[in-house]
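This report concerns only the one structure given below.
Here is the naming used below: chain letters follow the sequence lines, and residue numbers restart at 1 for every chain.
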2 protein chains.
Amino acid sequence: MEQNVIDASGLLAISTRLQRLSDQIRKDGLLIYKAFGIDFQPKWFPVLYTLYKKSTMNVVSLSDEIGYAHPSTISLLKELEKEKLIRSKKDKVDTRKRLVELTEKGTALLSTMEPVWDVIIKATAEIMNSQNNLMKAINEVEASLKEKSFLQRAEVYIKK
Amino acid sequence: MEQNVIDASGLLAISTRLQRLSDQIRKDGLLIYKAFGIDFQPKWFPVLYTLYKKSTMNVVSLSDEIGYAHPSTISLLKELEKEKLIRSKKDKVDTRKRLVELTEKGTALLSTMEPVWDVIIKATAEIMNSQNNLMKAINEVEASLKEKSFLQRAEVYIKK
DNA sequence: CAAATATATGTAGTTAACTACATATATTCA
DNA sequence: TGAATATATGTAGTTAACTACATATATTTG
(Lines give C-alpha, C1' and ligand atoms only; values in the text may rest on other atoms or scores of the structure.)
Protein backbone atom coordinates (compact mmCIF):
# COMPACT_ATOMS: atom_id res chain seq x y z
CA MET A 1 0.00 0.00 0.00
CA GLU A 2 1.29 3.47 -0.85
CA GLN A 3 3.55 5.21 1.57
CA ASN A 4 3.03 8.92 1.18
CA VAL A 5 0.15 9.79 -1.03
CA ILE A 6 -3.45 10.02 0.01
CA ASP A 7 -4.85 8.00 -2.84
CA ALA A 8 -8.20 6.39 -3.30
CA SER A 9 -7.31 3.79 -0.74
CA GLY A 10 -6.24 6.55 1.62
CA LEU A 11 -8.81 6.02 4.32
CA LEU A 12 -8.37 2.35 4.72
CA ALA A 13 -4.65 2.57 4.18
CA ILE A 14 -4.39 4.92 7.11
CA SER A 15 -6.67 2.80 9.19
CA THR A 16 -4.64 -0.31 8.44
CA ARG A 17 -1.32 1.32 9.13
CA LEU A 18 -2.56 2.83 12.36
CA GLN A 19 -3.60 -0.59 13.47
CA ARG A 20 -0.32 -2.20 12.53
CA LEU A 21 1.67 0.52 14.25
CA SER A 22 -0.48 0.14 17.33
CA ASP A 23 0.20 -3.57 17.31
CA GLN A 24 3.93 -3.18 16.97
CA ILE A 25 4.09 -0.62 19.75
CA ARG A 26 2.17 -2.94 22.03
CA LYS A 27 4.48 -5.86 21.32
CA ASP A 28 7.54 -3.72 21.96
CA GLY A 29 6.03 -2.74 25.28
CA LEU A 30 5.79 -6.37 26.25
CA LEU A 31 9.45 -6.91 25.31
CA ILE A 32 10.62 -4.00 27.41
CA TYR A 33 8.86 -5.30 30.51
CA LYS A 34 10.31 -8.72 29.79
CA ALA A 35 13.78 -7.18 29.56
CA PHE A 36 13.23 -6.00 33.12
CA GLY A 37 12.13 -9.46 34.16
CA ILE A 38 8.55 -8.34 34.71
CA ASP A 39 6.05 -10.87 33.43
CA PHE A 40 3.04 -8.87 32.63
CA GLN A 41 0.51 -8.45 29.85
CA PRO A 42 0.52 -4.99 28.29
CA LYS A 43 -3.23 -5.09 27.78
CA TRP A 44 -3.57 -5.02 31.57
CA PHE A 45 -1.73 -1.77 31.77
CA PRO A 46 -4.49 0.79 31.36
CA VAL A 47 -6.59 -0.78 34.11
CA LEU A 48 -3.72 -1.30 36.54
CA TYR A 49 -2.19 2.11 35.93
CA THR A 50 -5.51 3.87 36.37
CA LEU A 51 -6.20 2.03 39.63
CA TYR A 52 -2.67 2.85 40.77
CA LYS A 53 -3.32 6.55 40.20
CA LYS A 54 -6.93 6.71 41.37
CA SER A 55 -7.10 4.00 44.03
CA THR A 56 -10.72 2.95 43.60
CA MET A 57 -13.09 3.12 40.67
CA ASN A 58 -16.28 1.52 39.47
CA VAL A 59 -16.44 -0.35 36.17
CA VAL A 60 -17.99 2.33 33.98
CA SER A 61 -15.74 5.20 35.14
CA LEU A 62 -12.77 2.94 34.68
CA SER A 63 -13.91 2.08 31.17
CA ASP A 64 -14.40 5.74 30.32
CA GLU A 65 -11.01 6.59 31.73
CA ILE A 66 -9.15 4.01 29.69
CA GLY A 67 -11.41 4.48 26.70
CA TYR A 68 -12.76 0.95 26.39
CA ALA A 69 -16.29 -0.32 26.09
CA HIS A 70 -17.31 -1.65 29.48
CA PRO A 71 -17.48 -5.34 28.50
CA SER A 72 -13.81 -5.14 27.51
CA THR A 73 -12.99 -3.75 30.94
CA ILE A 74 -15.03 -6.45 32.64
CA SER A 75 -13.11 -9.17 30.87
CA LEU A 76 -9.79 -7.56 31.81
CA LEU A 77 -10.97 -7.28 35.41
CA LYS A 78 -11.81 -10.97 35.38
CA GLU A 79 -8.27 -11.84 34.37
CA LEU A 80 -6.78 -9.47 36.90
CA GLU A 81 -8.96 -10.87 39.65
CA LYS A 82 -7.80 -14.37 38.76
CA GLU A 83 -4.21 -13.11 39.01
CA LYS A 84 -5.11 -11.59 42.39
CA LEU A 85 -3.87 -8.19 41.22
CA ILE A 86 -7.19 -6.46 41.90
CA ARG A 87 -10.25 -7.01 44.08
CA SER A 88 -13.81 -5.68 44.04
CA LYS A 89 -16.34 -4.56 46.61
CA LYS A 90 -19.87 -3.16 46.46
CA ASP A 91 -20.43 0.56 46.69
CA LYS A 92 -22.53 1.01 49.84
CA VAL A 93 -24.13 4.21 48.63
CA ASP A 94 -25.03 3.08 45.13
CA THR A 95 -25.33 -0.67 45.29
CA ARG A 96 -25.32 -1.02 41.51
CA LYS A 97 -21.68 -0.07 41.50
CA ARG A 98 -18.79 -2.43 41.85
CA LEU A 99 -15.71 -0.70 43.20
CA VAL A 100 -12.40 -2.04 42.02
CA GLU A 101 -8.97 -1.56 43.58
CA LEU A 102 -5.46 -3.00 43.49
CA THR A 103 -4.55 -5.74 45.93
CA GLU A 104 -1.25 -5.64 47.79
CA LYS A 105 0.15 -7.91 45.08
CA GLY A 106 -1.13 -5.47 42.47
CA THR A 107 0.42 -2.48 44.19
CA ALA A 108 3.70 -4.37 44.55
CA LEU A 109 3.72 -5.20 40.84
CA LEU A 110 3.11 -1.60 39.90
CA SER A 111 6.00 -0.56 42.13
CA THR A 112 8.40 -2.87 40.33
CA MET A 113 7.12 -1.41 37.09
CA GLU A 114 7.68 2.23 37.97
CA PRO A 115 11.38 2.30 36.99
CA VAL A 116 10.45 0.94 33.58
CA TRP A 117 8.08 3.77 32.84
CA ASP A 118 10.88 6.27 32.81
CA VAL A 119 12.62 4.22 30.15
CA ILE A 120 9.44 3.92 28.15
CA ILE A 121 8.77 7.63 28.39
CA LYS A 122 12.26 8.45 27.13
CA ALA A 123 12.13 5.97 24.27
CA THR A 124 8.63 7.12 23.32
CA ALA A 125 9.66 10.75 23.33
CA GLU A 126 12.62 9.89 21.12
CA ILE A 127 10.34 8.32 18.55
CA MET A 128 7.50 10.81 18.75
CA ASN A 129 9.53 13.97 18.52
CA SER A 130 10.04 13.95 14.80
CA GLN A 131 8.83 16.68 12.51
CA ASN A 132 5.22 15.63 12.55
CA ASN A 133 4.46 14.61 16.08
CA LEU A 134 2.27 11.53 16.00
CA MET A 135 0.53 12.19 19.28
CA LYS A 136 -0.25 15.76 18.30
CA ALA A 137 -1.36 14.63 14.87
CA ILE A 138 -3.76 12.16 16.44
CA ASN A 139 -5.09 14.87 18.73
CA GLU A 140 -5.59 17.20 15.80
CA VAL A 141 -7.35 14.62 13.70
CA GLU A 142 -9.58 13.60 16.58
CA ALA A 143 -10.38 17.26 17.19
CA SER A 144 -11.29 17.96 13.57
CA LEU A 145 -13.39 14.82 13.40
CA LYS A 146 -15.21 15.90 16.54
CA GLU A 147 -15.87 19.30 15.05
CA LYS A 148 -17.11 17.90 11.75
CA SER A 149 -17.26 14.22 10.96
CA PHE A 150 -15.68 12.63 7.97
CA LEU A 151 -19.09 11.90 6.53
CA GLN A 152 -20.24 15.50 6.96
CA ARG A 153 -17.13 16.71 5.17
CA ALA A 154 -17.69 14.25 2.38
CA GLU A 155 -21.32 15.33 2.07
CA VAL A 156 -20.23 18.83 1.15
CA TYR A 157 -18.48 17.42 -1.91
CA ILE A 158 -21.27 14.99 -2.69
CA LYS A 159 -23.85 17.75 -2.93
CA LYS A 160 -21.82 19.65 -5.50
CA MET B 1 -6.50 8.34 29.37
CA GLU B 2 -4.44 11.51 29.07
CA GLN B 3 -4.74 13.59 25.97
CA ASN B 4 -1.45 15.30 25.40
CA VAL B 5 1.25 14.06 27.64
CA ILE B 6 3.42 11.06 27.05
CA ASP B 7 3.07 9.61 30.49
CA ALA B 8 3.84 6.18 31.81
CA SER B 9 0.87 4.82 29.97
CA GLY B 10 2.06 6.56 26.84
CA LEU B 11 2.76 3.55 24.73
CA LEU B 12 -0.49 1.81 25.26
CA ALA B 13 -2.41 5.04 25.21
CA ILE B 14 -1.10 5.75 21.75
CA SER B 15 -1.76 2.22 20.65
CA THR B 16 -5.32 2.36 21.92
CA ARG B 17 -6.06 5.70 20.35
CA LEU B 18 -4.59 4.66 17.04
CA GLN B 19 -6.87 1.70 17.06
CA ARG B 20 -9.95 3.72 17.92
CA LEU B 21 -9.16 6.31 15.27
CA SER B 22 -8.64 3.56 12.74
CA ASP B 23 -11.99 2.11 13.65
CA GLN B 24 -13.82 5.39 13.34
CA ILE B 25 -12.24 6.15 10.00
CA ARG B 26 -13.28 2.76 8.72
CA LYS B 27 -16.88 3.25 9.82
CA ASP B 28 -17.04 6.65 8.21
CA GLY B 29 -15.80 5.08 5.00
CA LEU B 30 -18.70 2.68 5.07
CA LEU B 31 -21.15 5.54 5.57
CA ILE B 32 -19.79 7.50 2.63
CA TYR B 33 -20.19 4.55 0.28
CA LYS B 34 -23.68 4.06 1.63
CA ALA B 35 -24.45 7.71 0.96
CA PHE B 36 -23.65 6.94 -2.67
CA GLY B 37 -25.91 3.91 -2.61
CA ILE B 38 -22.98 1.53 -2.88
CA ASP B 39 -23.38 -1.46 -0.63
CA PHE B 40 -19.89 -2.56 0.05
CA GLN B 41 -17.71 -3.60 2.95
CA PRO B 42 -14.74 -1.30 3.54
CA LYS B 43 -12.57 -4.21 4.58
CA TRP B 44 -12.80 -5.48 1.01
CA PHE B 45 -11.28 -2.31 -0.30
CA PRO B 46 -7.56 -3.03 -0.19
CA VAL B 47 -7.96 -6.29 -2.09
CA LEU B 48 -10.37 -4.93 -4.69
CA TYR B 49 -8.45 -1.71 -5.23
CA THR B 50 -5.16 -3.54 -5.62
CA LEU B 51 -6.64 -5.96 -8.14
CA TYR B 52 -8.20 -3.01 -9.98
CA LYS B 53 -4.78 -1.39 -10.28
CA LYS B 54 -2.68 -4.49 -10.91
CA SER B 55 -5.12 -6.81 -12.71
CA THR B 56 -3.78 -10.15 -11.49
CA MET B 57 -1.90 -11.17 -8.39
CA ASN B 58 -1.16 -14.26 -6.35
CA VAL B 59 -2.15 -14.50 -2.70
CA VAL B 60 1.19 -13.70 -1.08
CA SER B 61 2.03 -10.68 -3.26
CA LEU B 62 -1.45 -9.39 -2.68
CA SER B 63 -1.03 -9.82 1.07
CA ASP B 64 2.30 -8.00 0.99
CA GLU B 65 0.83 -5.21 -1.08
CA ILE B 66 -2.08 -4.58 1.26
CA GLY B 67 0.02 -5.32 4.32
CA TYR B 68 -2.00 -8.22 5.74
CA ALA B 69 -0.92 -11.64 6.88
CA HIS B 70 -1.83 -14.08 4.15
CA PRO B 71 -4.56 -15.93 6.08
CA SER B 72 -6.40 -12.62 6.43
CA THR B 73 -6.20 -12.14 2.67
CA ILE B 74 -7.41 -15.68 2.06
CA SER B 75 -10.49 -15.13 4.16
CA LEU B 76 -11.25 -11.86 2.37
CA LEU B 77 -10.80 -13.63 -0.96
CA LYS B 78 -13.27 -16.27 0.14
CA GLU B 79 -15.91 -13.63 0.81
CA LEU B 80 -15.18 -11.86 -2.45
CA GLU B 81 -15.39 -15.10 -4.37
CA LYS B 82 -18.77 -15.81 -2.79
CA GLU B 83 -19.87 -12.32 -3.88
CA LYS B 84 -18.56 -13.15 -7.37
CA LEU B 85 -16.42 -10.03 -7.32
CA ILE B 86 -13.18 -11.92 -7.92
CA ARG B 87 -12.11 -15.25 -9.41
CA SER B 88 -8.97 -17.38 -9.20
CA LYS B 89 -6.92 -19.49 -11.58
CA LYS B 90 -3.74 -21.52 -11.28
CA ASP B 91 -0.43 -20.06 -12.37
CA LYS B 92 0.74 -22.33 -15.20
CA VAL B 93 4.41 -21.59 -14.63
CA ASP B 94 4.45 -21.96 -10.84
CA THR B 95 1.58 -24.24 -9.99
CA ARG B 96 1.77 -23.40 -6.30
CA LYS B 97 0.45 -19.97 -7.07
CA ARG B 98 -3.18 -19.00 -7.20
CA LEU B 99 -3.75 -16.00 -9.41
CA VAL B 100 -6.61 -13.74 -8.43
CA GLU B 101 -8.43 -11.18 -10.55
CA LEU B 102 -11.61 -9.12 -10.61
CA THR B 103 -14.66 -10.52 -12.35
CA GLU B 104 -16.73 -8.34 -14.65
CA LYS B 105 -19.03 -7.71 -11.71
CA GLY B 106 -16.00 -6.71 -9.63
CA THR B 107 -14.72 -4.33 -12.27
CA ALA B 108 -18.20 -2.85 -12.61
CA LEU B 109 -18.41 -2.28 -8.87
CA LEU B 110 -15.05 -0.55 -8.81
CA SER B 111 -16.19 1.71 -11.65
CA THR B 112 -19.24 2.84 -9.68
CA MET B 113 -16.89 3.49 -6.78
CA GLU B 114 -14.43 5.66 -8.64
CA PRO B 115 -16.42 8.91 -8.27
CA VAL B 116 -16.54 8.35 -4.52
CA TRP B 117 -12.78 8.19 -4.23
CA ASP B 118 -12.44 11.78 -5.25
CA VAL B 119 -14.77 12.77 -2.43
CA ILE B 120 -12.87 10.62 0.01
CA ILE B 121 -9.53 12.03 -1.09
CA LYS B 122 -10.78 15.58 -0.60
CA ALA B 123 -12.32 14.90 2.79
CA THR B 124 -9.22 13.01 3.89
CA ALA B 125 -6.93 15.79 2.79
CA GLU B 126 -9.06 18.27 4.72
CA ILE B 127 -8.64 16.28 7.90
CA MET B 128 -5.01 15.31 7.46
CA ASN B 129 -3.63 18.69 6.54
CA SER B 130 -3.45 20.07 10.02
CA GLN B 131 -0.26 21.21 11.66
CA ASN B 132 1.04 17.76 12.39
CA ASN B 133 0.21 15.68 9.38
CA LEU B 134 -0.97 12.27 10.58
CA MET B 135 0.15 10.38 7.51
CA LYS B 136 3.59 11.96 7.61
CA ALA B 137 3.79 11.37 11.34
CA ILE B 138 3.02 7.70 10.81
CA ASN B 139 5.65 7.51 8.11
CA GLU B 140 8.20 9.15 10.35
CA VAL B 141 7.47 6.91 13.28
CA GLU B 142 7.56 3.82 11.09
CA ALA B 143 10.86 4.99 9.66
CA SER B 144 12.45 5.60 13.04
CA LEU B 145 11.20 2.26 14.34
CA LYS B 146 12.67 0.57 11.29
CA GLU B 147 16.00 2.27 11.88
CA LYS B 148 16.07 1.40 15.56
CA SER B 149 13.33 -0.49 17.31
CA PHE B 150 11.56 0.69 20.39
CA LEU B 151 13.17 -2.05 22.42
CA GLN B 152 16.65 -1.13 21.20
CA ARG B 153 16.05 2.47 22.15
CA ALA B 154 14.82 1.42 25.56
CA GLU B 155 17.86 -0.81 26.04
CA VAL B 156 20.14 2.18 25.83
CA TYR B 157 18.43 3.63 28.89
CA ILE B 158 18.25 0.28 30.66
CA LYS B 159 21.99 -0.22 30.48
CA LYS B 160 22.69 3.10 32.17
C1' DC C 1 20.17 -35.38 -9.14
C1' DA C 2 18.32 -36.14 -4.78
C1' DA C 3 18.18 -34.07 -0.21
C1' DA C 4 17.58 -29.94 2.10
C1' DT C 5 15.61 -25.61 2.06
C1' DA C 6 12.43 -22.08 0.68
C1' DT C 7 8.06 -20.51 -0.92
C1' DA C 8 2.87 -20.57 -1.65
C1' DT C 9 -1.32 -21.71 -0.02
C1' DG C 10 -4.51 -23.30 3.23
C1' DT C 11 -6.71 -24.57 7.93
C1' DA C 12 -7.49 -24.17 12.86
C1' DG C 13 -7.54 -21.78 16.69
C1' DT C 14 -6.54 -17.32 19.30
C1' DT C 15 -7.04 -12.55 20.57
C1' DA C 16 -8.80 -8.25 22.01
C1' DA C 17 -11.65 -5.34 20.90
C1' DC C 18 -16.64 -4.58 19.73
C1' DT C 19 -22.25 -4.43 19.72
C1' DA C 20 -26.64 -6.05 21.26
C1' DC C 21 -29.19 -7.55 24.72
C1' DA C 22 -30.65 -8.56 29.72
C1' DT C 23 -31.22 -7.39 34.45
C1' DA C 24 -30.93 -4.77 38.69
C1' DT C 25 -30.88 -0.53 40.97
C1' DA C 26 -31.29 4.56 41.17
C1' DT C 27 -33.24 8.91 39.78
C1' DT C 28 -36.62 11.97 37.88
C1' DC C 29 -40.95 13.90 37.22
C1' DA C 30 -46.13 13.95 36.40
C1' DT D 1 -45.07 8.29 45.12
C1' DG D 2 -45.06 5.20 41.52
C1' DA D 3 -44.17 4.96 36.45
C1' DA D 4 -40.96 6.11 33.24
C1' DT D 5 -36.34 6.79 32.37
C1' DA D 6 -31.45 6.48 33.12
C1' DT D 7 -27.45 4.20 34.80
C1' DA D 8 -24.38 0.16 36.18
C1' DT D 9 -23.09 -4.24 35.48
C1' DG D 10 -23.00 -8.49 33.20
C1' DT D 11 -23.43 -12.16 29.34
C1' DA D 12 -23.37 -13.84 24.63
C1' DG D 13 -21.98 -13.61 20.33
C1' DT D 14 -19.36 -11.11 16.48
C1' DT D 15 -15.42 -9.30 14.07
C1' DA D 16 -11.14 -8.80 11.77
C1' DA D 17 -7.02 -9.23 12.45
C1' DC D 18 -3.31 -12.50 14.10
C1' DT D 19 0.08 -16.91 14.89
C1' DA D 20 1.13 -21.70 14.49
C1' DC D 21 0.96 -25.47 11.99
C1' DA D 22 0.31 -28.54 7.69
C1' DT D 23 0.98 -29.64 2.96
C1' DA D 24 2.36 -29.13 -1.80
C1' DT D 25 5.45 -27.44 -5.10
C1' DA D 26 9.90 -25.05 -6.54
C1' DT D 27 14.58 -23.97 -6.02
C1' DT D 28 19.16 -24.54 -4.36
C1' DT D 29 23.10 -27.06 -3.26
C1' DG D 30 26.45 -30.91 -1.82
Side-chain angles (χ1 to χ4, degrees), chain A residues 1 11-30 40-48 56-81 86 88-100, chain B residues 1 11-30 40-48 56-81 86 88-100:
Chain A
M1 196 139 293
L11 261 194
L12 204 55
I14 290 169
S15 150
T16 301
R17 294 182 59 207
L18 288 174
Q19 228 164 11
R20 188 170 354 282
L21 190 55
S22 146
D23 229 57
Q24 198 189 339
I25 287 173
R26 179 167 300 216
K27 276 177 197 153
D28 281 345
L30 176 61
F40 156 81
Q41 293 199 238
K43 66 173 168 172
W44 294 343
F45 191 84
V47 168
L48 292 179
T56 294
M57 291 190 98
N58 67 309
V59 178
V60 168
S61 328
L62 185 53
S63 305
D64 289 348
E65 179 78 12
I66 66 178
Y68 286 174
H70 81 272
S72 312
T73 306
I74 289 173
S75 95
L76 288 172
L77 290 174
K78 249 178 213 158
E79 289 178 37
L80 291 169
E81 206 137 36
I86 62 134
S88 321
K89 56 187 183 194
K90 269 247 163 310
D91 185 324
K92 278 164 191 168
V93 182
D94 184 340
T95 66
R96 292 172 305 177
K97 287 183 182 166
R98 163 181 163 195
L99 299 176
V100 185
Chain B
M1 196 139 296
L11 261 194
L12 206 55
I14 289 169
S15 150
T16 301
R17 296 183 58 208
L18 287 174
Q19 228 163 12
R20 188 171 351 284
L21 189 55
S22 147
D23 230 57
Q24 197 187 341
I25 286 173
R26 180 167 299 215
K27 276 176 198 153
D28 280 345
L30 177 60
F40 157 81
Q41 294 199 236
K43 67 174 168 171
W44 294 343
F45 191 84
V47 168
L48 292 179
T56 294
M57 291 190 99
N58 68 309
V59 177
V60 168
S61 329
L62 185 53
S63 305
D64 290 348
E65 179 78 11
I66 67 179
Y68 286 175
H70 80 272
S72 312
T73 307
I74 289 173
S75 96
L76 288 173
L77 289 174
K78 248 179 214 159
E79 290 180 37
L80 291 169
E81 205 137 37
I86 61 133
S88 321
K89 56 187 181 192
K90 270 246 163 312
D91 185 325
K92 278 164 193 167
V93 182
D94 185 340
T95 66
R96 292 171 305 177
K97 287 184 182 166
R98 162 180 163 197
L99 299 176
V100 185

Interatomic distance where CD1 belongs to A/Ile74 and C1' belongs to C/dA16 [whole Å]:
15 Å
Can you measure A/Met57 atom CE to D/dA8 atom P for me and round it to whole angstrom units?
12 Å
Between CG on residue A/Leu62 and CZ on residue A/Arg98, distance to nearest 0.5 Å:
9.5 Å
Between C/dT7 (P) and B/Lys97 (NZ): distance, integer Å
11 Å
Check: B/Leu80 and B/Val100 side chains under 4.5 Å, non-hydrogen atoms:
no
Nearest-Å distance, CH2 (B/Trp44) to C1' (D/dT15)?
14 Å
Between protein and nucleotides 21-26 of chain D, map the contacts as a letter string: B base, S sugar-phosphate only, - none, heavy atoms under 4.0 Å, written 5' to 3'.
----BS
Any A/Lys78 side-chain N or O less than 4.0 Å from OP1/OP2 of D/dT11:
yes
Gap between atoms CG and P, on A/Leu80 and C/dA16 respectively (whole Å)
12 Å
I'd like to check B/Asn58 versus B/Asp91 (side-chain heavy atoms, cut-off strictly below 4.5 Å). Are they in contact?
no
Find which nucleotide of DNA chain C each of B/Ser61 and A/Leu76 is nearest to by heavy atoms, and output the residue with the more 5' nucleotide.
B/Ser61
How close or far is atom C1' of D/dT7 from atom CG of A/Asn58, stated in whole angstroms?
10 Å
Among C/dG10, C/dA20, D/dT9, the one nearest any side-chain atom of B/Val59 is C/dG10
Would you mind reading off the distance between B/Gln41 atom CD and D/dA17 atom C1', rounded to a whole angstrom?
14 Å
Value for CD1 (B/Ile66) from OG (B/Ser61), rounded to nearest 0.5 Å, stands at 11.0 Å
Is B/Tyr68 close enough to D/dC18 that one of its side-chain N or O atoms is under 4.0 Å from OP1 or OP2 there?
no
Considering every strand shown, what is the Watson-Crick or G-U wobble mate of C/dA12 when both distances are under 3.5 Å?
D/dT19
The side chain of A/Lys43 is closest to which nucleotide in this list: C/dA16, D/dA8, C/dC18?
C/dA16
Would you please confirm or rule out a distance under 4.0 Å between OP1 or OP2 of D/dA16 and any side-chain N or O of B/Ser72?
no
Find the distance between OG (B/Ser72) and NZ (B/Lys43) and round it off to the nearest 0.5 Å.
11.0 Å
With a 3.5 Å limit on both atom pairs, tell me what D/dT7 is paired to, counting Watson-Crick and G-U wobble, or say none.
C/dA24
Nearest heavy atoms of A/Thr73 and A/Val59, plus distance in Å
CG2-O, 4.3 Å
Separation of A/Leu77 atom CG from C/dA17 atom P, in whole Å?
12 Å
What are the two closest non-hydrogen atoms of B/His70 and B/Ser63, and how far apart are they?
CA-OG, 3.3 Å
